[in-house]
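To start, the structure itself, in structure tokens.
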Amino acid sequence: MSSNKQLIDKLHDKKSLTRDEWKQLFESYTEEDSIYAAEKARAVADAVYGKDVYIRGIVEFSNVCPNNCLYCGLRAGNKNIDRYRLDEDDIMECCRDGYRYGFRTFVLQSGEDPHFTTEMICRIVKRIKEEFPDCAVTLSIGEKTYEDYKAYRDAGADRYLLRHETANEEHYKKLHPESMSWQNRMRCLKDLKSLGYQVGCGVMIGSPYQTSECLADDMIYMGEFEPEMIGLGPFLPHSDTPFRDEPKGSYETTLFMISLCRLMLPMALIPATTALGTIRPNGREQGVLAGANVIMPNLSPVQVRDKYMLYDNKICTGDSSSECRGCIERRMESIGYKVVISRGDHKKI
């Protein structure tokens with residue numbers, strides 16, 4: 001047996017590796033190693049969640065952002081973007097559509113738009129929870145204060161997605177403007193955990209300046225932090241950013257990392273991301289076969305979907321919510337999995 005397969009077995013049994021072992025895996029894994037990891041990861045996911053795939057309906061309610069992250073199409077410095085905001089009634093209508101199509105988790109996502117005050121976010125969360133008490137509300141609206149996070153939680157928010165992007169501080173500085181701080185990003189994630197959210201962090205795989213050491217740091221960080229959700233997607237460039245000419249992240253490494261995260265954190269909720277489906281037509285199916293168990297279709301109004309572009313050529317911007325739902329169902333059935341009508345909460349050991 002190869003040394004990499006031995007490391008994969010060790011991860012399966014011990015749930016952790018040393019930094020050098022992680023580094024070795026990322027630097028030398030082969031297609032055979034990746035297949036081996038995926039088979040083990042899929043068996044682990046099936047043991048915990050069966051053949052169920054959970055769907056989350058994303059409502060992208062604003063593409064306004066004051067930040068200037070070097071990789072993101074929503075960055076404040078992008079003058080070519082057509083900015084928009086949905087109002088509270090628009091957001092509720094998206095959720096009503098989603099509920100009719102079997103969604104029981106709504107993900108409210110936006111840039112860090114200052115227009116949406118803490119009071120407004122809390123009011124929206126309360127409205128959703130009152131109208132749909134059997135549904136979970138996930139927020140993905142960036143870095144906030146502890147007090148903000150507590151207010152959202154008190155209003156009824158169940159989950160919060162905040163990709164850490166990289167657990168290596170020097171790498172973080174190369175992806176973000178000086179006004180943003182890795183220490184603050186880490187503080188946010190700790191605050192969210194302390195408030196009892198189901199917390200999601202995650203990585204852009206293949207982002208500029210990322211090394212095997214960076215990926216090793218990410219795995220160590222996630223193993224210690226134990227997020228309930230892990231978002232892993234390949235870096236995809238946007239033509240109106242400083243990283244426009246950078247190469248795409250590796251599809252293969254993304255799948256491999258999904259498998260490794262499943263082996264390390266068996267209970268995690270791991271999406272097969274839209275970015276995976278963008279980089280490869282059957283990417284989301286392969287993500288599920290590598291260990292993912294969540295798909296996140298778009299519930300935003302079709303007329304604004306092509307304005308929420310974190311990267312170029314994002315898929316499904318022209319499909320209605322019902323078309324997205326039907327497409328995902330067929331895709332999952334084609335690989336032996338089924339979309340379930342469920343909040344799809346994280347399972348505790």
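Quick note: numbers below take in every heavy atom, side chains included, and nothing from hydrogens, waters or symmetry partners.
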Note: [X]-[Y] ion pair, threshold 4.0 Å (strictly below):
X: Lys126; Y: Glu130; result: no
X: Asp9; Y: Lys40; result: yes
X: Lys193; Y: Glu228; result: yes
X: Glu333; Y: Lys51; result: no
X: Asp89; Y: Arg127; result: yes
X: Glu213; Y: Arg19; result: no
X: Asp46; Y: Arg42; result: yes
X: Arg96; Y: Glu131; result: yes
X: Glu60; Y: Arg85; result: no

4.5 Å side-chain heavy-atom contact, Lys347 and Val48: yes
Partner of Cys65 under side chain to side chain contact (heavy atoms under 4.5 Å, CB included), picked from Asn67, Asn68, Asn63, is Asn67
Do the side-chain N and O atoms of [X] and [Y] include a donor-acceptor pair separated by under 3.5 angstrom?
X: Asp217; Y: His171; value: no
X: Thr30; Y: Asp33; value: yes
X: Tyr36; Y: Asn4; value: no
X: Asp148; Y: Thr145; value: yes
X: Gln198; Y: Asp158; value: no
X: Asp134; Y: Tyr99; value: yes
X: Thr253; Y: Tyr29; value: yes
X: Thr105; Y: Arg159; value: yes

Could you check whether the rings of Tyr71 and His176 sit parallel, tilted or perpendicular, using 30° and 60° as the cut-offs? perpendicular
Is the backbone N or O of [Y] less than 3.5 Å from a side-chain atom of [X], with the two atoms forming a donor-acceptor pair by type?
X: Arg163; Y: Gly202; value: no
X: Lys144; Y: Glu112; value: no
X: Gln286; Y: Asn282; value: no
X: Arg262; Y: Ala268; value: yes

How about Phe235 and Tyr311: are their ring centroids closer than 6.0 Å? no
Are Tyr84 and Phe61 an aromatic pair by the rule of ring centers under 6.0 Å? no
Is Arg104 positioned over the aromatic face of Phe132, cation under 6.0 angstrom from the ring centre and no more than 45 degrees off axis? no
Does atom NZ (Lys190) have a neighbourhood of more than 12 heavy atoms from anything else shown, all under 6.0 Å? no
State the [atom1]-[atom2] distance between [X] and [Y], to the nearest 0.5 angstrom.
X: Lys248; Y: Asp312; atom1: NZ; atom2: CG; result: 9.0 Å
X: Thr278; Y: Leu310; atom1: OG1; atom2: CG; result: 10.0 Å
X: Ser250; Y: Phe26; atom1: OG; atom2: CZ; result: 11.0 Å
X: Asp240; Y: Asn80; atom1: CG; atom2: CG; result: 4.5 Å
X: Leu265; Y: Ile230; atom1: CG; atom2: CD1; result: 5.0 Å

side-chain contact (heavy atoms from CB on, under 4.5 Å) evaluation trace for Met229 with Leu161: CA-CA 8 Å; Met229 301 169 287; Leu161 302 177; 3.6 Å; yes
Between Glu32 and Lys5, which heavy-atom pair has the shortest distance, and what is it? OE2-NZ, 2.6 Å
Indicate the atoms forming the closest heavy-atom contact of Lys15 with Met264, along with that distance. O-CG, 3.3 Å
Quick one: list whatever passes side-chain contact (heavy atoms from CB on, under 4.5 Å) with Cys188, sequence neighbours left out. Glu143, Tyr149, Leu162, Asn184
Tell me, with the steps shown, if Tyr197 and Tyr152 meet ring-ring contact (aromatic ring centres under 6.0 Å, His included). CA-CA 10 Å; Tyr197 285 93; Tyr152 308 152; 7.7 Å; no
Show your reasoning for whether ring-ring contact (aromatic ring centres under 6.0 Å, His included) applies to His164 and Tyr221. CA-CA 10 Å; His164 66 282; Tyr221 168 72; 4.9 Å; yes
